[in-house]
Number of protein chains: 2
Amino acid sequence: MINFVRDKKKMEKEKTDKKDHILDVAERVFAELGYDGASTRMISGEAGVNMAMLNYYFGSKEGVFLAIFERRITTFQTVLLSIGNDDSINSWEKLDKYLDSYIDKVVTNNCFHIMLNREISKSKKNELTDQITDIIMKNVTVFQNIIAEGIKKGDFNKDADQQLLVATIFGTKNYIVNTPHISSRVLGFDVLDTNIQNDVLKPRFKKYMKTLLKAYLQNENDNK
Amino acid sequence: MINFVRDKKKMEKEKTDKKDHILDVAERVFAELGYDGASTRMISGEAGVNMAMLNYYFGSKEGVFLAIFERRITTFQTVLLSIGNDDSINSWEKLDKYLDSYIDKVVTNNCFHIMLNREISKSKKNELTDQITDIIMKNVTVFQNIIAEGIKKGDFNKDADQQLLVATIFGTKNYIVNTPHISSRVLGFDVLDTNIQNDVLKPRFKKYMKTLLKAYLQNENDNK
DNA sequence: CAAAATTAATCAAACGATTGATTAGTTAAA
DNA sequence: TTTAACTAATCAATCGTTTGATTAATTTTG
């Protein structure tokens, strides 16, 4: 067996790569089978590591689950927050930017969002669902503020139902991303195919969402 | 011990009542914890029956799951189908009727729809997800046909994205019903409270959905 | 009608399999 | 040599299911 010479830098890189690899696999398996349906043996098996490594690295199965979260949420939320707080653009532009960023992210990281929504859909509360709720609410609040601000400024129709509009944008996204078997049959192509996602789904989804929101939020006496 | 005189009719009633009771409980527990998260012990325990009764009546855990489906889908789908096939009303009225029936049903039977959507959100295909997909697609197809017909007739805007509109109506519904922790915080009330559902949620949801679809589907040169 | 035979409903106990987790020991790196 | 990375073996607990036995209800028989 050949023994490579590896410096410390390289090692650390490989270590985090290994942990990252485990999380990649776990994220996919959790999305495929759900948290309860996915076993630690299956995850470690597909990741090509010993089962005990999951506990060695992440402490427990739940630790793996939470590690997946921490990896995804931080950068994403700061991006959305910065859009919400950008005072140099008007409400319509904010809406556009938010939708562009949001749709890009959730379509690309669909495994994560499938996993996330499966767990939050458990109607019985527990520590985990509370944590997930808080995470999701941060994204929701940014969107809500954009709408509320737009209405206050007079850019958006004041009769709009802010709360249910939240349900529409996030619900529409969830439908496409989280139930791929259904949405693929409705749309006529495989929504999980990366190429189709980038070339067809994302632009079409963005365009649709903007048109829909414009139709609903536009003041009745306005013309475009 | 008193021995009641009971005719055959009465007996059968009680038997189906018991099976129905088990399915009621199972439906709730599945919604609370997911299919994998809910154990047969827990279901039988909460239903107050011996564990073996689940297998005696329904063959297996999956049998319980499928029995819940058969109980719910039949009547519901015929109602929606009859609306879709009603030629005495125009497309706008069909849309209204469909939304009224659909929203009433899914909000009331929220446990069932939570359960249904949790399982279909597993991205790995299996026999069960295929069955659920077929069931869901029937409801979707009725809605799609209403939209397609309306566009063909010229009632609806021909530039409308039919497919993504499907994602919006069913997605918005799912968001409200399937993630009650989130939607309750967004809306500011408990979406699982039966009284609130009937007095507040249903009428508001119907009104919103109709307004949204009208804004999007209305021909640009039309006035109401 | 009454006794016997048959069927349906229910139960506690136990089955083998699988779960998440831990151990004690080995290998590799610093 | 000390520490970190990794492994095979094993743990108790829980899973869905099955069993054999028992009770209750119904039908058949004499």
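Within every chain, numbering begins at 1; the chains are lettered A, B, ... in the order of the sequence lines, protein sequences first and strands thereafter. Since the structure is predicted, the reported quantities are computational estimates derived from the model, not experimental observations.
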Is the phosphate of D:dC6 approached by A:Lys18 (side-chain N or O, under 4.0 Å from OP1 or OP2)? yes
Do B:Tyr175 side-chain atoms and A:Leu164 backbone N/O form a donor-acceptor pair below 3.5 Å? no
Which residue, B:Asn50 or A:Glu62, contacts DNA chain C at a nucleotide closer to its 5' end, judged by nearest heavy atom? B:Asn50
Sugar-phosphate only, base, or nothing, as touched by B:Thr40 at under 4.0 Å among non-hydrogen atoms: base
Can you tell whether the side chains of B:Arg71 and B:Asp20 come within less than 4.0 Å, N to carboxylate O? yes
So if I take every side-chain heavy atom of B:Met53 and compare against D:dC6, C:dA21, C:dA9, which nucleotide ends up nearest? C:dA9
Nearest-angstrom distance from the residue atom CD1 of B:Ile43 to P of D:dC15: 11 Å
What's the CG-C1' distance between A:Leu54 and C:dT22, to the nearest Å? 13 Å
Nearest-angstrom distance from the residue atom CD1 of A:Ile22 to P of D:dA5: 12 Å
Could you tell me the separation between the CE atom of A:Met42 and the C1' atom of C:dT19, rounded to a whole number of Å? 11 Å
It should be established whether A:Tyr56 places a side-chain nitrogen or oxygen under 4.0 Å from OP1 or OP2 of nucleotide C:dA21. no
In whole angstrom, give the distance that lies between atom NZ of A:Lys61 and atom P of D:dC15. 12 Å
Rounded interatomic separation in angstrom, taking CZ from A:Phe30 and C1' from C:dG20: 11 Å
Do other residues, nucleotides or ligands put more than 12 heavy atoms under 6.0 Å from B:Lys97 NZ? no
Distance in angstrom units between B:Leu33 CG and D:dC15 P, rounded: 11 Å
Contact under 4.0 Å: A:Ser39 side-chain N or O vs C:dT19 OP1/OP2: yes
Nearest-neighbour nucleotide for the B:Met51 side chain, C:dA21, C:dA13, C:dA9 considered: C:dA13
Sorted by position of nearest nucleotide on DNA chain D, 5' first, the leading residue of A:Arg41 and A:Gly48 is A:Gly48
Salt bridge check: are A:Asp96 and A:Lys206 linked by an N-O gap of less than 4.0 Å? no
Students often mix this up, so state it plainly: with edges at 30° and 60°, are the rings of B:Tyr98 and B:Tyr102 parallel, tilted or perpendicular? parallel
B:Asn55 CG to D:dG16 C1', in whole Å, measures 7 Å
